[in-house]
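In what follows, every chain begins at residue 1, and chains take the letters A, B, ... in the order their sequences are listed. Everything numeric in this text was worked out from a predicted model, so none of it was measured.
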Number of protein chains: 2
Amino acid sequence: MAGKETAGRRWSIGELARASGLTVRALYHYDEIGLLRAGERTASGHRRYTGDDVRRLYRVRALRALGLPLEKIAEVLADPADDLDTMRALLAVQLRDLEEQAGRIHRLTQEVRGLLCRIDEESMPGPEQFMATLEMMSMFDAYLTREQQEQLAERRAALGPEGVEEAKLRWAGLVEELLGHAQAGTPADDPRVRALVARWDALADRFHADGEAGERTRAAARRMWRDNGTEISRNLPWPVDRMTALVAYVERVRRSEA
Amino acid sequence: MAGKETAGRRWSIGELARASGLTVRALYHYDEIGLLRAGERTASGHRRYTGDDVRRLYRVRALRALGLPLEKIAEVLADPADDLDTMRALLAVQLRDLEEQAGRIHRLTQEVRGLLCRIDEESMPGPEQFMATLEMMSMFDAYLTREQQEQLAERRAALGPEGVEEAKLRWAGLVEELLGHAQAGTPADDPRVRALVARWDALADRFHADGEAGERTRAAARRMWRDNGTEISRNLPWPVDRMTALVAYVERVRRSEA
DNA sequence: CTAGAACCTCCCGTCGCGGAGGGTTCAAGC
DNA sequence: GCTTGAACCCTCCGCGACGGGAGGTTCTAG
């Protein structure tokens, strides 16, 4: 049926490059790996691409735009295209990944754009705070999944700005009290500090959802605090060494409970 | 001011990898290229990362998430971060690119998703048409800029589905007439075929905007038709060889006018 | 006929790591 | 103190999708 094309226009590699928006070098590459060979060659060895080749190239381009690696593209095009189901499944997976990626990029750019705006408005003191916020975002990414971050954002929104501010104030008070105990040398199993840590956890719970998912988020956040408490607290108006001591102290209290 | 950290917790490379979500190998890489060296080494050569290093790593992660290449990140972090303007400009450019990319991905996935749905509904005959549509999308990408494609989409929407259908019908009529003339051997400078080509162009103009931008789009579309008319018309119910002849014929008519 | 554009092959470089290989060192249990 | 297994060290090779240059041949317009 669809035999070789024996007549019609031929394209040189340069013409094809211009027509497809690719570079000549890319076409050489496709030839090398066997993804798109020229249907013919002149006596002297120049590539002559046939209409079929052009058609194939557009398919390649289209699939590549979907993010398929060249090898997969070769596979898809190697089949006589009758196993539509395979291709559809493959594309579906690819699409999901692409959209997720696009969403992540979009959210990230929105956040950073917001940051930049706030810098413009001089409401932020300078590059230090900016970098600190970037660090926090990166840290959240390292410890929490996307869903968990969304959960937290939801809870924050539910509490509202004044709710968040109030929690911050309460937290500041707890920090002061715990620092006092740490400096005074109160032992980690003292009921008073245990009570303080319990209030600390209750405060954190305001930001977590209920159920198993919330429990996992809580555990992840606690790991994050344990590993990076000092870094986290650089955003805050307390000296770093005291925060380091605080992190260690809270950890000791927790361990004395377990 | 911010001298070297002489006391405090130290991290091994494995701990740092776990804390940051990167791999040990990646950290080796960062060390190799000088992006993040361990502040200290043990006598035996094991890396000891200091708190400063951890802090730097989170900055690296954050900037990398924005798509900056590692070298740029090193530059940004090399400056004492006082030239905030440079960084802001750099980030702004990066953000624009990222958002554009995200938008492209999103539009592409939407279109392909639509295609897949239509395949499911059996309203499309099969993989051939599916691939043909993908080819068209890729071809549009090669010849038209994003703005130009959006312009065309706008005009299509303005014409409405029935407007588009009517244009298709008229175009089919023109194709038939021109094919007749081509087969009958009517010379390319015959006033009758010139009139037909003029109507052809007028029809195309319905899809183009006014002004200089529209003019450029028109030119690009004409280039696309000249280079790929045969491929384009594979979507249409005429035999391919006749369309090839038609493309050549229309091109001759245009040249005889110039 | 000649200039210069286009084409050929071969090969090395990029970027951000992954993974293997082969040796050394650390930390915990006995 | 000794062993053992995990963690760490360094070095090298590889990928994917080309970019770019060297050094030579061929095509095409004037």
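The nearest whole Å value for the distance from the CG atom in B:L35 to the P atom in C:dC15 is 13 Å. Note: CZ (B:R18) to P (D:dA6) measures 13 Å, nearest angstrom. Rounded to whole angstrom, the span from the CG atom of B:L27 across to the C1' atom of C:dG19 amounts to 16 Å. C:dA27 atom P lies 10 Å from atom CD of B:E15, rounded to whole Å. The distance from atom CD of A:E40 to atom P of C:dC8 is 14 Å, rounded to the nearest whole Å. In this structure, the CD1 atom of B:I13 is 9 Å from the C1' atom of D:dC9, given to the nearest Å. Atom CG of B:L36 and atom P of C:dG16 are 15 Å apart (whole Å).
Residue A:S12 places no side-chain N or O under 4.0 Å from the OP1 or OP2 atom of C:dA6. Between A:T23 and D:dG19 there is a side-chain polar atom (N or O) within less than 4.0 angstrom of OP1 or OP2. At D:dC9, one or more side-chain N or O atoms of B:Y28 fall inside 4.0 Å of OP1 or OP2 (strictly under the cut-off). Within the structure, a side-chain polar atom (N or O) of B:R47 is placed less than 4.0 Å from OP1 or OP2 of D:dC9.
Taking the nucleotide of DNA chain D with the nearest heavy atom to each of B:G45 and A:V24, the more 5' of the two is matched to B:G45.
Although no hydrogens or angles enter the test, the distance criterion places no donor-acceptor pair under 3.5 Å between the side chain of B:R48 and the main chain of B:E40. B:R64 contributes no side-chain N or O that, together with a main-chain N or O of B:L70, makes up a donor-acceptor pair within less than 3.5 Å. A distance-only check finds no donor-acceptor pair linking the side chain of A:D53 to the backbone of A:A38 [under 3.5 Å]. Of the possible donor and acceptor atoms, none in the side chain of A:R59 sits under 3.5 Å from a partner among the backbone N and O of A:L77.
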Considering only nitrogen or oxygen atoms on both sides, find all protein atoms under 3.5 Å from nucleotides 11-17 of chain D and state each distance.
residue	atom	partner	partner atom	Å
D:dA17	OP2	A:L70	N	3.4

Just the atom pairs and distances: protein N or O near nucleotides 27-30 of chain D's N or O, under 3.5 Å.
residue	atom	partner	partner atom	Å
D:dC27	OP1	A:S44	OG	2.7

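The two residues B:T23 and B:A17 come nearest to each other via the heavy atoms C-CB, 4.0 Å. Of all the heavy atoms in A:Y30 and A:L22, the pair that sits closest is CE1-CD1, 3.7 Å.
Using a cutoff of 4.0 Å between basic side-chain nitrogens and carboxylate oxygens, B:D52 and B:R10 are not scored as salt-bridged. Remark: A:E75 engages A:K72 in a salt bridge, criterion side-chain N to carboxylate O under 4.0 Å.
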query: Are A:L35 and A:V60 close enough, and set up right, to give a side chain to side chain contact (heavy atoms under 4.5 Å, CB included), and what steps lead you there?
result: CA-CA 8 Å; A:L35 177 57; A:V60 169; 3.8 Å; yes
